[in-house]
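The sequence lines fix the lettering, A, B, ..., with proteins before strands; numbering per chain opens at 1.
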2 protein chains.
Amino acid sequence: MPRHTPDQPPDTQPTAPLPAAFLHAAVTVDLVVFTILDADLKILLIQRREPPFVGHWALPGGFLRSDGGLGEDLDAAARRELQEETGLPPAGMYLAQLGTYGKPDRDPRGRVVSVAYFALVRPDLAPFVAAGGDAANATWHSVSELARLSLAFDHAAMIAAAQARLRQELDTTGIAFELVPATFTTPELRAVHDVIKGIPSDPGNFRRKFQAMITDGLIEQAPGKRITGGKPAMVYRFRQQPTESS
Amino acid sequence: MPRHTPDQPPDTQPTAPLPAAFLHAAVTVDLVVFTILDADLKILLIQRREPPFVGHWALPGGFLRSDGGLGEDLDAAARRELQEETGLPPAGMYLAQLGTYGKPDRDPRGRVVSVAYFALVRPDLAPFVAAGGDAANATWHSVSELARLSLAFDHAAMIAAAQARLRQELDTTGIAFELVPATFTTPELRAVHDVIKGIPSDPGNFRRKFQAMITDGLIEQAPGKRITGGKPAMVYRFRQQPTESS
DNA sequence: CCAAAAGTGTTAACAGTACACCCATGG
DNA sequence: CCATGGGTGTACTGTTAACACTTTTGG
């Protein structure tokens, strides 16, 4: 077994430039942005104005910028695009990498490798996103109606992957908290689960899981009650900051 | 809400070439290749001969090839590199995308975006991999001893992510089957779980979960028994092909 | 007082865990 | 016949699921 004996520290090594013979690809980030509106899971789509796929619906996103130097970080680019297309502050929003799509023919303009991200927008902020930003014609679409739209590039595959991941992370991580306002009630959080899972869950049993989160110190009661036509619900908020992206 | 009215089918649209102003990055694939050897979780590392990071240990991988045209698919490139570095047939090996690493300064040679994959090699094939391939000095390293090595680039982060994913997928998917030979016994599969989880599990209880897989039609008994010093163990095999990559 | 919706109680079914025990083989 | 390790039985516990029931509001 050979020993590990670096000749010199990596930082001071001569950095031979990258051979131009290697393939160089344009890099984009695409965002699958979810929210819940009208008790329905929605994603944000924009309508394309430039070729290719003029008129088709597509995920918000764009090319990595070079900014003169080596260019920007992938995560930073995703946050920047999210802000540009939604007008929302880039911090404090759930954003995670989903996967990378790089089939040679996925973009007719040339070799483009796209890093897909998935983001969650709180429903109280969702109505404002379409208005702002430089992405004209950005609208929320119900995921149940996506089959009718012919989406640009391989964006349909990205959405499918994002939806699978959303479902999977729902019961393993605290991702549901990213889809309710800062203060919320038990039935509101339950509605998030029901919409994503597709089937309604038992109100009583859900409350017990909720109770466990309170005793675990994850959630605390907030002042006020919420009137909904029946018995008013208690209002809660998180104790620790909700999950941030990596 | 705007209607969806594409001007023309996407395939016949004029494909304006990609503006050169956009950042173009070199693309690599890096492979976190796991196996189990000597009841220990191991990963395959190569020792670098070229700058940067000469002498450091690194993940096997390499640049996407352009092959004259638009270049190869990401998954295909990962399989190709896996074959080149291990000498194993590219088909029938578990391979899945892990994540993409693209910090601007992660490679001193320039802007390089790396797509990390993770792969699993059956232990009966593992002893042969180091010999073949064009990657000189490829050896298996116990994951518990990686802390001592200073790894090239951001490969330590990739390995950490791969290990987390391996743990997570262990009890949600049939990934453990990719780390035993084609025929195997109950205690052999249990050993895989124990090594990855880090704690030994109850032989009796594990057998019952195993039984459930048999009644579910996932596993069937194979002829022969395995002698190990005590009561011989029955030998099993899969009924359906083990999980393939996407 | 009645409908609606939040929240509580109760119980049955199931899954996970611990551990005692039996079985088949080699030495 | 004994040590070794595979395989079975069983009791216990915690979690989930189903559903009846109580509570608090608005009309």
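Between L98(B) and Y117(B) the shortest side-chain heavy-atom distance does not fall below 4.5 Å. The closest side-chain heavy-atom distance from T86(B) to L125(B) is not below 4.5 Å. Contact check for L45(B) versus L149(B): side-chain heavy atoms found under the 4.5 Å cut-off.
A residue-by-residue look at T228(A) and P203(A) shows that T228(A) has its nearest nucleotide of DNA chain C further toward the 5' end. Comparing K225(B) and P232(A) along DNA chain C, the residue whose closest nucleotide (by nearest heavy atom) sits nearer the 5' end is P232(A). Taking the nucleotide of DNA chain D with the nearest heavy atom to each of P187(B) and R208(B), the more 5' of the two is matched to P187(B).
Spacing between atom CG of L189(A) and atom P of dG7(C) amounts to 12 Å, rounded to whole angstrom units. Remark: P of dG7(C) and CD of Q221(A) are 9 Å apart, rounded to the nearest angstrom. Atom CZ in R207(B) sits about 8 Å away from atom C1' in dG6(D), given to the nearest Å. Distance CZ (F210(A)) to P (dA5(C)): 19 Å, rounded to an integer number of Å. Atom C1' of nucleotide dA6(C) and atom CG of N205(A) are separated by 14 Å, given to the nearest angstrom. Nucleotide dG6(D) holds its P atom 11 Å from the CG atom of D194(B), rounded to whole Å. Separating the CG atom of D202(A) from the P atom of dG7(C) is a distance of 13 Å, rounded to the nearest angstrom. Between the CE atom of M234(B) and the C1' atom of dG7(D) there is a distance of 7 Å, given to the nearest Å.
With values rounded to the nearest 0.5 angstrom, F210(A) atom CZ is found 4.0 Å from I219(A) atom CD1.
In this structure, R190(A) reaches the sugar-phosphate backbone alone: every heavy-atom distance under 4.0 Å involves primed, P, OP1 or OP2 atoms, never a base. Backbone-only contact: T186(A) has heavy atoms under 4.0 Å from sugar-phosphate atoms and none from a base.
Taking only side-chain atoms of K231(A), from C-beta outward, the nucleotide of dG26(C), dA24(C), dT24(D) with the closest atom is dT24(D).
Nearest approach of N137(B) to Q47(B), heavy atoms of both residues: ND2-OE1, 2.7 Å.
Put simply, Q211(A) has no side-chain N or O that comes within less than 4.0 Å of OP1 or OP2 on dG7(C).
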